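Okay, structure first, notes after.
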Amino acid sequence: MINLPQTIPVLLFGVSLAVLSPQLCAAFAIQEVASLTQASSDLPVVKSTVLSPDMDVPWSKPVRIVDPFEGEFLGVFDRNSLGSHLFHEDSEQVISLWTPSNIRVLVTVNFEQARSSFYTAGRVYPRPDYRRFVTTKKVDKLLLKVRQKVFKLDGSTGTFAVSQELATALKNAPDENLDIRLVLEGGQSVDSKIGKETVKAWRKIY
């Protein structure tokens with residue numbers, strides 16, 4: 001036997017929740033967007049997405065990018081030097097930008113140093129002045145290993161799209177250096193790493 005006086009208030013309460021739920025969800029969504037907006041407004045601002053060997057940006061930290069051609073979004077810049085010294089001949093540098101929609105990679109190489117010398121007292125002495133020549137290499141493929149899964153990305157002009165699966169993996173990556181492999185035009189491969197601080201910053205990007 002159903003007790004109607006007790007059942008009716010319960011039904012009314014359930015109906016009221018069903019009516020209010022969309023409003024509550026919308027309120028929570030607005031509050032979350034406001035929190036994200038406030039958090040991003042406190043970040044350093046970088047005014048271009050262009051990667052270059054001598055760029056001056058906050059490395060391995062979340063930034064707010066305000067690009068005149070691409071708009072405004074969050075990102076993190078990473079840099080890794082391969083070789084004993086950044087400015088030595090044939091030393092390579094891997095620069096990358098990680099955003100919610102894509103990953104951009106630039107590989108630069110110091111391919112020559114020009115030394116001059118001077119002659120005095122019957123001996124030739126090297127002159128300590130150098131000229132630095134930097135060239136870039138086109139990156140056709142990007143491989144990332146997150147935990148035990150390897151993501152293989154194909155791109156053009158060094159830009160690679162970020163899928164939802166990859167974004168989730170990057171957001172949950174462990175606090176450690178992450179291995180990447182770049183396949184250059186012509187088939188040459190370059191192994192590099194993404195630093196631990198950049199990996200931590202992904203949590204605010206993805």
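Here the structure is a predicted model, which means the values were calculated and not measured.
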Exercise. Do you know the tightest heavy-atom contact between R64 and L74?
Worked result: CA-CD2, 4.3 Å

Problem set entry | salt bridge (charged side-chain N to carboxylate O under 4.0 Å, His left out): pairs with one or both residues in residues 195-206, sequence neighbours excluded | D175-R203, E197-K200

For this session: Sequence neighbours left out, what passes side-chain contact (heavy atoms from CB on, under 4.5 Å) with K171? Give chain and number order.
Result: Y206

Seminar exercise, completed: Contacts of R181 meeting side-chain contact (heavy atoms from CB on, under 4.5 Å) (sequence neighbours excluded), chain-then-number -> L143, S189, D191

Exercise. side-chain contact (heavy atoms from CB on, under 4.5 Å) with T157: which residues, sequence neighbours excluded?
Worked result: T159

Seminar exercise, completed: Applying salt bridge (Lys or Arg N to Asp or Glu O under 4.0 Å) to D67 and not counting sequence neighbours gives none

For this session: Kindly write out the residues that satisfy salt bridge (Lys or Arg N to Asp or Glu O under 4.0 Å) with E185, not counting sequence neighbours, or none if the list is empty.
Result: none

Exercise. Within the distance-only criterion (no hydrogens, no angle test), does the side chain of T198 pair as donor or acceptor with the backbone N or O of I194 below 3.5 angstrom?
Worked result: no

Exercise. Mind checking whether V190 and V139 sit in one hydrophobic cluster, side chains of I, L, V, M, F, W, Y counted as touching below 4.5 Å?
Worked result: yes

Exercise. For V66, which fellow cluster members are found when Ile, Leu, Val, Met, Phe, Trp and Tyr are connected by side-chain heavy-atom distances below 4.5 angstrom, either directly or through intermediates?
Worked result: V45

Seminar exercise, completed: Closest non-hydrogen atoms of I205 and P62, given as atom of the first, atom of the second and distance, are CD1-CB, 4.3 Å

Problem set entry | Among L182, T136, T135, side chain to side chain contact (heavy atoms under 4.5 Å, CB included) partner for V107 | L182

For this session: If you link ILVMFWY side chains whenever their heavy atoms are less than 4.5 Å apart, which other residues fall into the same cluster as F77? By chain and number, please.
Result: V46, L51, M55, V57, W59, V63, I65, F73, I95, L97, L106

Exercise. Do L166 and L142 share a hydrophobic cluster (ILVMFWY, side-chain heavy atoms under 4.5 Å, transitive)?
Worked result: yes

Seminar exercise, completed: Residues A161 and L153: closest non-hydrogen pair is O-CD1, 4.2 Å

Seminar exercise, completed: For L82 and S192 the tightest heavy-atom approach is CD2-OG, 4.1 Å

For this session: Verify side-chain contact (heavy atoms from CB on, under 4.5 Å) between D140 and L184, making sure each step is shown before the conclusion.
Result: CA-CA 5 Å; D140 287 336; L184 309 179; over 6 Å; no

Problem set entry | Any residue meeting side chain to side chain donor-acceptor pair (under 3.5 Å) with S96, in chain and number order, not counting sequence neighbours | W98

For this session: Could you pull out the closest heavy-atom pair between S60 and D78, with the gap in Å?
Result: OG-OD1, 3.7 Å

Exercise. Taking only residues two or more places apart in sequence, or in another chain, which ones meet E70 in a salt bridge (Lys or Arg N to Asp or Glu O under 4.0 Å)?
Worked result: R104

For this session: Go through the structure and list residues passing salt bridge (Lys or Arg N to Asp or Glu O under 4.0 Å) with K141, not counting sequence neighbours.
Result: D154

Distance-only criterion, 3.5 Å: show the donor-acceptor pairs between side-chain atoms of residues 144-151 and protein atoms not counting sequence neighbours.
unit_1 : atom_1 : unit_2 : atom_2 : d
R147   : NH2    : N172   : O      : 2.8

For this session: Applying side-chain contact (heavy atoms from CB on, under 4.5 Å), run through W202 and L178 and close with a yes or a no.
Result: CA-CA 12 Å; W202 284 342; L178 185 139; 3.8 Å; yes

